[in-house]
Amino acid sequence: MPLSDPKISENRPVIRQLDDGAINRIAAGEVVERPASAVKELVENAVDAGARRIEIAYADGGKTLIRVTDDGCGIEAEALPLALSRHATSKIDDSDLLDIHTFGFRGEALPSLGAVGRLTITSRVGREDGASISVEGGSMKPVKPAALSAGTIVELRDLFYATPARLKFMRTDRAEAQAITDVVKRLAMAEPFVAFTLRDVTGGGEGRVSFRVEAENGDLFDALHGRLARIIGTEFAENALRIDASRDGLRLLGYAALPTYSRGSSVAQYLFVNGRPVKDKLLIGALRGAYFDFLSRDRHPAVALFIDCDPHLVDVNVHPAKSEVRFRDPGLARGLIVSALRHALAEAGHRASTTVAGATLGAMRPEPTGNGPARVYQMDRPSLGARQASYAAQAPAYQAPGYQPTSEPGFAEFSQDYSARVEPIIEEAPQGSEEMPAEPVEHLPLGAARAQVHENYIVAQTQTGMVIVDQHAAHERLVYERLKAQMSENGVAAQALLIPEIVELSEGDCARLLAVADDLSRLGLTLEPFGGGAVAVRETPAILGEVNARAMVLDILDELDDQGESLLVQARIEAILSRVACHGSVRSGRRMRADEMNALLREMEATPHSGQCNHGRPTYVELKLSDIERLFGRS
Ligand SMILES: Nc1ncnc2c1ncn2[C@@H]1O[C@H](COP(=O)(O)OP(=O)(O)OP(=O)(O)O)[C@@H](O)[C@H]1O
Ligand SMILES: [Mg+2]
């Protein structure tokens, strides 16, 4: 038998129209890829129907049963077959496919579900009689009368029974149940005025409630705050800043957590566009940009943010699951997020998160209470009066002209500038034990320094409690903020070295450094080629005083390595500045006098972002008197 080309067989393939069932299954593969996507479609339909209360039940990870019950507007008996037909929707008209105000708009979801499972819809509109319709493997049964008090129940059994190939790709019941929970939680965040109940009814009966939220009250922000507290957690809600900003027809609202409440992965990033949960690269990138300055690269901000705009400004029909969007002006969306979040973070000033104090107290408690660390409330944002007093205490400008670095860089300059305003220096006072005179600064947010312990922690008394400051972390942040301030004016002031320092490097490293020499010189670091793979450091940032130029150069090289090409110019510069700042910081182990400590506290109060160091760790924790009393069982 001659070898024949298998592609040219006797029965040549014919091109033919797929039947409707096949078309439906293909489309369904996109719309419904796993139980969670079916749940998403059904819950969205319930929300679109104006439901106030939505109950979701599933069995075996949603593989054998998904049932969504709502108290929405219902579907009329005669419209039931239509609801199951492709491209039949009540939500948009043909004239303007961009004018979308509902989750649904394609008229695809129900027919797709009907093609991949056994689907029954039971519904009732107002006082009319209830009715139900079933579809199995794409074939519809006649409408039947059914008893139901109001709203709609959609039941989907045996998902993918007709397409075993798909069944194989499903994960364990647990993983599918987890995905369902995630979908329901995201939608519940988007709809705080709607009550949601999620039940696992595997094995029959009432099942087990795995998630429940009641409808929230109040204005949108209150409702959202309450809902987020219930879903992400009260700690998130306590540490979240309210965001409300608009620009050119785009509005951004929601809550973003302080950097000290960051996470090790992006699990707590919830983004919504016109109420629709999305996982959009552009928006996630913008978040990174906004927090860039406050978090190290392995920490992720926690946010729940909603972008609302005229539906014409955003295309939601770019992804079968509608989870990606396309803004008409992507730069505008990005800019709005970055500027609104940065602004809010700056406003929050030196606030560090309550998580920190909570964890501290938890660690101090003599015996675990069993309820996890108790919640402690961080200081509120200082009153305007307090802030003004603190600003007044800051004047004149920090860096005195003609200031000469001393052999003890860092806090030396504090005493020069502040000696007139703070308590007289107690000469050679022993650290840590002596009683310091009561000072009038206790009313300020970070209070009056009382002692330094272990050469790194400042203990200060405030009106309502006490504060413990990590002096190294705090100073690092302050130096960084001052460097940035100088940078944004006319570049960081440089200090010439008497003898240039020669740093030996590899040829490659040398070339990489010199490639950014111009940027570095704006940061106060002047480098020149020295030949043979070495660079000469001629100037260093004056603010830092005496530095180990070699260590700084190597650190900058590391930063350049880490960055790759990924960051924007501004972000690159800030990252380098942040590294540079570390070199000027007071290392732990430096003893400080009372006036130096107080000066540090005052500067922290007046400096934005001083509640966390450059790596997102807190610079201080506050304990309220009432919490201290609780520790001793006094309350
Ligand atoms: N729970 C419900 N309550 C009331 N009406 C519903 C409900 N679910 C579906 N419908 C009606 O059935 C129609 C078809 O629903 P389906 O989900 O298939 O399409 P859609 O929501 O219009 O668009 P999409 O495919 O984008 O979801 C809807 O337009 C709506 O009129
Ligand atoms: Mg729909």
Side-chain angles (χ1 to χ4, degrees), residues 20 23-33 36-57 66-94 96-117 119-126 128 130-135 138 140 143 146 148-156 183-184 187 190-191 194-197 273-278 311 315-325:
D20 281 356
I23 295 173
N24 276 344
R25 276 202 294 280
I26 292 167
E30 290 175 7
V31 175
V32 192
E33 51 185 15
S37 29
V39 169
K40 171 176 173 293
E41 294 297 336
L42 296 178
V43 174
E44 287 183 352
N45 278 350
V47 173
D48 284 346
R52 298 281 108 214
R53 186 163 280 282
I54 300 175
E55 180 154 339
I56 304 109
I66 292 169
R67 184 174 54 228
V68 176
T69 308
D70 70 59
D71 59 355
C73 64
I75 309 170
E76 284 160 348
E78 53 276 24
L80 282 173
L82 207 54
L84 285 173
S85 320
R86 289 199 66 198
H87 308 305
T89 177
S90 59
K91 299 176 189 174
I92 53 168
D93 62 24
D94 295 330
D96 191 351
L97 285 177
L98 285 175
D99 191 22
I100 297 163
H101 296 269
T102 47
F103 283 116
F105 55 86
R106 305 158 304 185
E108 290 272 13
L110 291 180
S112 299
L113 293 174
V116 292
L119 182 74
T120 304
I121 308 175
T122 311
S123 196
R124 179 174 174 183
V125 176
E128 292 174 22
S132 91
I133 188 169
S134 295
V135 55
M140 229 184 276
V143 176
L148 175 82
S149 58
T152 304
I153 304 173
V154 182
E155 199 171 273
L156 178 67
V183 158
V184 172
L187 285 166
E191 301 292 335
V194 179
F196 290 83
T197 307
V273 173
N274 283 344
R276 202 183 287 286
V278 296
D315 186 359
V316 292
N317 201 7
V318 291
H319 186 271
K322 306 170 187 165
S323 62
E324 281 169 25
V325 292

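These numbers were taken from a predicted model, which means no experiment stands behind them. Just so you know, residue 1 is the first one in the sequence shown, and it goes up from there. Heavy atoms only: backbone and side chains are in, while hydrogens, waters and symmetry mates are out. Counting starts at 1 for both ligands and their atoms, in listed order.
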Ligand 1 N/O to protein N/O, distances under 3.5 Å:
| unit_1 | atom_1 | unit_2 | atom_2 | d |
| --- | --- | --- | --- | --- |
| ligand 1 | 1 (N) | Asp70 | OD2 | 2.9 |
| ligand 1 | 3 (N) | Thr152 | OG1 | 3.4 |
| ligand 1 | 8 (N) | Asn45 | ND2 | 3.4 |
| ligand 1 | 17 (O) | Asn45 | OD1 | 3.0 |
| ligand 1 | 17 (O) | Asn45 | ND2 | 2.8 |
| ligand 1 | 18 (O) | Ala109 | N | 3.3 |
| ligand 1 | 18 (O) | Leu110 | N | 2.8 |
| ligand 1 | 21 (O) | Asn45 | OD1 | 2.9 |
| ligand 1 | 21 (O) | Lys91 | NZ | 2.7 |
| ligand 1 | 22 (O) | Thr89 | OG1 | 2.4 |
| ligand 1 | 23 (O) | Phe105 | N | 3.1 |
| ligand 1 | 23 (O) | Arg106 | N | 3.2 |
| ligand 1 | 23 (O) | Gly107 | N | 2.9 |
| ligand 1 | 25 (O) | Arg106 | NE | 3.3 |
| ligand 1 | 25 (O) | Arg106 | NH2 | 3.4 |
| ligand 1 | 25 (O) | Gly107 | N | 3.2 |
| ligand 1 | 25 (O) | Glu108 | N | 2.7 |
| ligand 1 | 25 (O) | Ala109 | N | 3.0 |
| ligand 1 | 26 (O) | Phe105 | N | 2.8 |
| ligand 1 | 26 (O) | Arg106 | N | 2.9 |
| ligand 1 | 26 (O) | Arg106 | NE | 3.0 |
| ligand 1 | 26 (O) | Lys322 | NZ | 2.8 |
| ligand 1 | 29 (O) | Thr89 | OG1 | 3.3 |
| ligand 1 | 29 (O) | Ser90 | N | 2.9 |
| ligand 1 | 29 (O) | Ser90 | OG | 3.1 |
| ligand 1 | 31 (O) | Ser90 | OG | 2.4 |

Only pairs under 3.5 Å count here: list side-chain donor-acceptor contacts from residues 49-57, not counting sequence neighbours, and write none if there are none.
| unit_1 | atom_1 | unit_2 | atom_2 | d |
| --- | --- | --- | --- | --- |
| Arg52 | NH1 | Phe193 | O | 3.3 |
| Arg53 | NH2 | Glu214 | OE1 | 3.0 |
| Glu55 | OE2 | Arg199 | NE | 2.7 |

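- Side-chain contact between Leu42 and Leu110 is present, with heavy atoms from C-beta onward closer than 4.5 Å.
- Protein N/O/S atoms closer than 2.8 Å to the Mg ion (ligand 2), listed by chain and residue number, are Asn45 OD1.
- Rounding to the nearest 0.5 angstrom, the gap separating the CD1 atom in Ile121 from the OG atom in Ser132 is 9.0 Å.
- Between Leu119 and Leu84 there is a side-chain heavy-atom pair separated by less than 4.5 Å.
- Between Arg67 atom CZ and Thr122 atom OG1 the span is 10.5 Å, to the nearest 0.5 Å.
- Here the side chains of Thr152 and Val154 are in contact, with some heavy-atom distance below 4.5 Å.
- Atom CD1 of residue Ile133 and atom CD1 of residue Ile75 lie 9.5 Å apart, to the nearest 0.5 angstrom.
- Judged as a salt bridge (charged side-chain N to carboxylate O under 4.0 Å, His left out), and not counting sequence neighbours, the contacts of Asp48 are Lys91.
- Salt bridge Glu44/Lys40: present, at least one basic N to carboxylate O contact under 4.0 Å.
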